Amino acid sequence: MSYDHKIIEQKWQDYWDEHKSFKVVENPDKPKYYVLDMFPYPSGAGLHVGHPLGYVATDIVARYKRMKGFNVLHPMGWDAFGLPAEQYAIKTGTHPRKTTKTNIDNFRRQIKMLGFSYDWDREINTTDTGYVKWTQWIFLQLYNKGLAYEAEKPVNWCPELKAVLANEEVVDGKSEIGGHPVHRVPMRQWMLRITDYAESLLAGLQEVDWPNSVKELQRNWIGRSEGADVDFNVVGRDEVITVFTTRPDTLYGATYMVLAPEHPFVEYFTSAEQKGSVKKYQKEAGRKSDLERGELNKEKSGIFTGTYAINPVNGAEIPIWIADYVLMSYGTGAIMAVPGQDQRDWDFANKFDLPIIRTVQHPEGFDGEAYMGEGPAINSEFLNGLNITDAKSKMITWLEEKHKGKGTIRYKLRDWLFSRQRYWGEPIPIIHYDDGIKPLHEDELPLELPDVEKFEPIGTGESPLANIKEWVEVKNDDGKVIGLRETNTMPQWAGSCWYYLRYIDPQNIKKAWDENKESYWMPVDLYVGGAEHAVLHLLYARFWHHVLFDLGYVSTKEPFQKLFNQGMILGEDGSKMSKSRGNVINPDDVVNNFGADSMRLYEMFMGPLDKSKPWHTKGLKGCFRFINKLWDKVCSCDGLNDCIDADKANSETIKLLHQTIRKVGDDVENMRFNTAISQMMIFTNHLIKLKTINIEVLKTFVQLLGPFIPHVAEEIWQRLGQDQSITYEPWPNFDENIAKEDLINIAIQVNGKLRANIEVVLNADKEAILMKARDIEKIKLYLSRGNVIKEIYVPGRLVNFVVN
RNA sequence: GCCGCGGUGGUGGAAUUGGUAGACACGCCAGAUUUAGGAUCUGGUGCCCAUCGGGUGUGAAGGUUCGACUCCUUUCCGCGGCACCA
């Protein structure tokens, strides 16, 4: 145990900094490779060992690709707007800018100590005015394209945080941060029309190399449904109620209709005698949170309006009810209820004693209630006997011919609530005038945050900016107030929606990015981050990118070609690392005791990158021991050991080396770092047994180690007499012929059970092997017990005698 | 309830297209070294019975196959997401 990781790691990190070893510029002569980490929010707690897991992986890929001759873009930055700094400001009066700087400095220190090969000249910070300017600029592009609008929306108001939260920030009716109760309150908000891009976002998923699970998650989130809008006339009224259904084939089974309590027609349709109870019901439903309307309350409730609609297909008069199981925010806010084929409608019909007509023949023995399965149409006149798919399209044709409805596609995806009533975010560059709103002009950007004394939102729910009169008021030359600035700010997602584009050209003050640089570097070839961003960040960023693509600002439709989600590192007790459990492992301690190389190596050796697995300091020690074993074998106190010489290496060593080059390269390409490391351990175990090690063999092996344990690799590389960093050494080649085994083991089975092993030369022919196998005493015995009815030979693998 | 992913020794995990299950590492056992501890080195280590040797084994139960961790059916358990979306 003689290797001093502290000295070596400091030495090489200083070297890389001084030489700017990882700085990149566009180079048309080299193929590019853009490998990106999801940038962190610099929290006050600093990193725990789980955070850099993905960064280790991308660093290995980045270093490997450099050696493979790629021009590698590998940047890092900070997603630094956000609630924690603001809440800290509310509590202590410390300006978020100050907190943010302190936290970033600590994060940068921790990330740098792990020896990552980032181009630090490209570091970005979403809160820098030079960055905010372009976030606001993109907002203007969205606004000018008609994709940003104001709306009075029932929003998630959290009195405790004094802030409106996005749906995504509300979990089980409580705020994601802090777990405070959330109520529905209408408020003026900025919205982004992401729904216009539903189809585009869905289609784009087909072109990217992403985990199936993430694609599925996004598909579910977008929630595309094909169906039909059907128009129902109302008895004694002029209004027409349109419903959306995915089952137009069941129209003959529609025995009643339900409107959402908020449906605008409710007040017109309610009969005089029902007015009182309908009003009461609407009021109750309005008060309920989504949680209460949803999962807490599966028991159906509702009330009859006293009015009837006419089923367009058969003229039947069906009662119109209102019920809170119908949501105003999806479809048309009205449904035709088909209790025979929908369990929710069945439950409702059952409770309120409404008629049920089955329109799909259920199989014999079906004992459920509503039948949702496949079957021929019944009780449906011209559809009878058709399967569901055919019945649907025939009904849609009928509706369209009679002008009673049309085929429609709906999405679950809602528009994106884009404003926050907070201080610490990008100001929305809009001014409200008497005669309407106007965006700022591009050259008026950035619109900077004013300094404030108090960071609390004001009691009305408006952001603290509303209190800064001199900022809010826009005056003309005479000093007259002619307009008021928007006081809402953007959500934290805004900065992360396009940071990968800013890395391409981070210092540009004239443009968000240069288009030539953009077309050189984009798309991101590999994007690694946590699965928790599977939907929101990755959907929002794709949305912006699609818009920018349509506007001609970017050259690829999809921003992230390959996505990989790293797993979590759990505490030693197998549960999630958290302060409250006291099982947090601090990377500062790990690096201090064992060094960055050991930590990197262990995190990759633990198991497949995408799986969650518990940390074991014992396992880390195993990796530390591996590095030490290698070090002790090859290094003396300031040079190399005498066992390193120029004598020809034996063929076994050469063969194993070539196998190792093949395996490590292949595994890195496929993100299987654990098995790559295991192969390098096998090779090291072999080297240690040798009396002498050929210097060329060692050089090649150190090149393989470079991406994984860069500090030790650089140090040995230098001691081998190299005066350049190992960073741009070409990745070693292997020779398939040398890597091939020439003596192979053949398993001899009888009836599929292993009974013996023989060793043969690589290209031994079948008959020779079978002869040899039959000749083994043990095999003879087994074969003599019956007749051999089949002899199977799998080349290079095994022989199986089938005996009856 | 629906969608997605997973279940292999005491532990983390290996295992091209179905072809010798348990690579590599941790832990454990024995030995060496050491005043002792730690560190290091050597050997062993799925489970059961045993002297050679044999049986058994990838959550469970079936099936296909000469042969299944791998393919099919049913089922149990764990994790993640969605959840009255018509």
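This one's a predicted model, so the numbers in the text were calculated from it and none came from an experiment. A note on names: the letters A, B, ... follow the listed sequences, proteins ahead of strands, and every chain is numbered from 1.
- Considering CG of A:L538 and CG of A:L563, their distance stands at 5.5 Å, rounded to 0.5 Å.
- Taking a cutoff of 4.0 Å between a charged side-chain nitrogen and a carboxylate oxygen, A:K655 and A:D742 qualify as a salt bridge.
- Across every strand in view, B:C26 sits in a pair with B:G10 that passes the Watson-Crick or G-U test at under 3.5 angstrom.
- Test A:T408, A:D231, A:D229 against A:T242 for side-chain hydrogen bond (donor to acceptor under 3.5 Å, both in side chains) and you get one pass: A:D231.
- The phosphate of B:U40 (OP1 or OP2) has a side-chain N or O of A:R625 nearer than 4.0 angstrom.
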Below 3.5 Å is the cut-off: list the nitrogen or oxygen pairs between protein and nucleotides 66-68 of chain B, distance only.
residue : atom : partner : partner atom : Å
B:C66   : O2   : A:N800  : ND2          : 2.6

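- Looking at A:F734 and A:V664, their side chains never come closer than 4.5 Å, going by heavy atoms from C-beta outward.
- Residue contacts for A:N745: at a heavy-atom cut-off of 4.0 Å it reaches a base atom on one of the strands shown.
- Using a 4.0 Å cut-off, no side-chain N or O of A:R797 falls inside it from OP1 or OP2 of B:G18.
- In this structure A:F605 satisfies the ring-ring contact (aromatic ring centres under 6.0 Å, His included) test with no other residue, sequence neighbours excluded.
- Across all strands shown, B:C82 forms a Watson-Crick or G-U wobble pair, both distances under 3.5 Å, with B:G1.
- In this structure, A:I320 atom CD1 and B:A86 atom P are separated by 22 Å, rounded to whole Å.
- Pairing of B:C66, defined by two Watson-Crick or G-U wobble distances under 3.5 Å, is identified with B:G19.
- OP1 or OP2 of B:A86 has not a single side-chain nitrogen or oxygen of A:Y256 nearer than 4.0 Å.
- Contact between the side-chain N/O atoms of A:K621 and the OP1/OP2 oxygens of B:G27 is not found at any separation under 4.0 Å.
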Task: Check against salt bridge (Lys or Arg N to Asp or Glu O under 4.0 Å), A:E652 and A:K689 - done: CA-CA 12 Å; A:E652 196 193 346; A:K689 288 189 198 116; over 6 Å; no
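- No more than 12 heavy atoms of other residues, nucleotides or ligands shown are found within 6.0 angstrom of CD on A:Q206.
- A centroid separation of less than 6.0 Å is found between the aromatic rings of A:Y256 and A:F348.
- Backbone-only engagement by A:R755 is indicated by non-hydrogen atom pairs under 4.0 Å involving sugar-phosphate atoms exclusively.
- Under the 3.5 Å distance criterion, with hydrogens and angles disregarded, a donor-acceptor pair is assigned to the side chains of A:R755 and A:Y782.
- Base pairing of B:A36 is not made with any nucleotide, judged by Watson-Crick or G-U wobble geometry with both donor-acceptor distances under 3.5 Å.
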Between the protein and nucleotides 4-10 of chain B, which nitrogen or oxygen pairs are less than 3.5 angstrom apart?
none

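- Glycosidic conformation, B:G22: anti, with the torsion outside 90° of 0.
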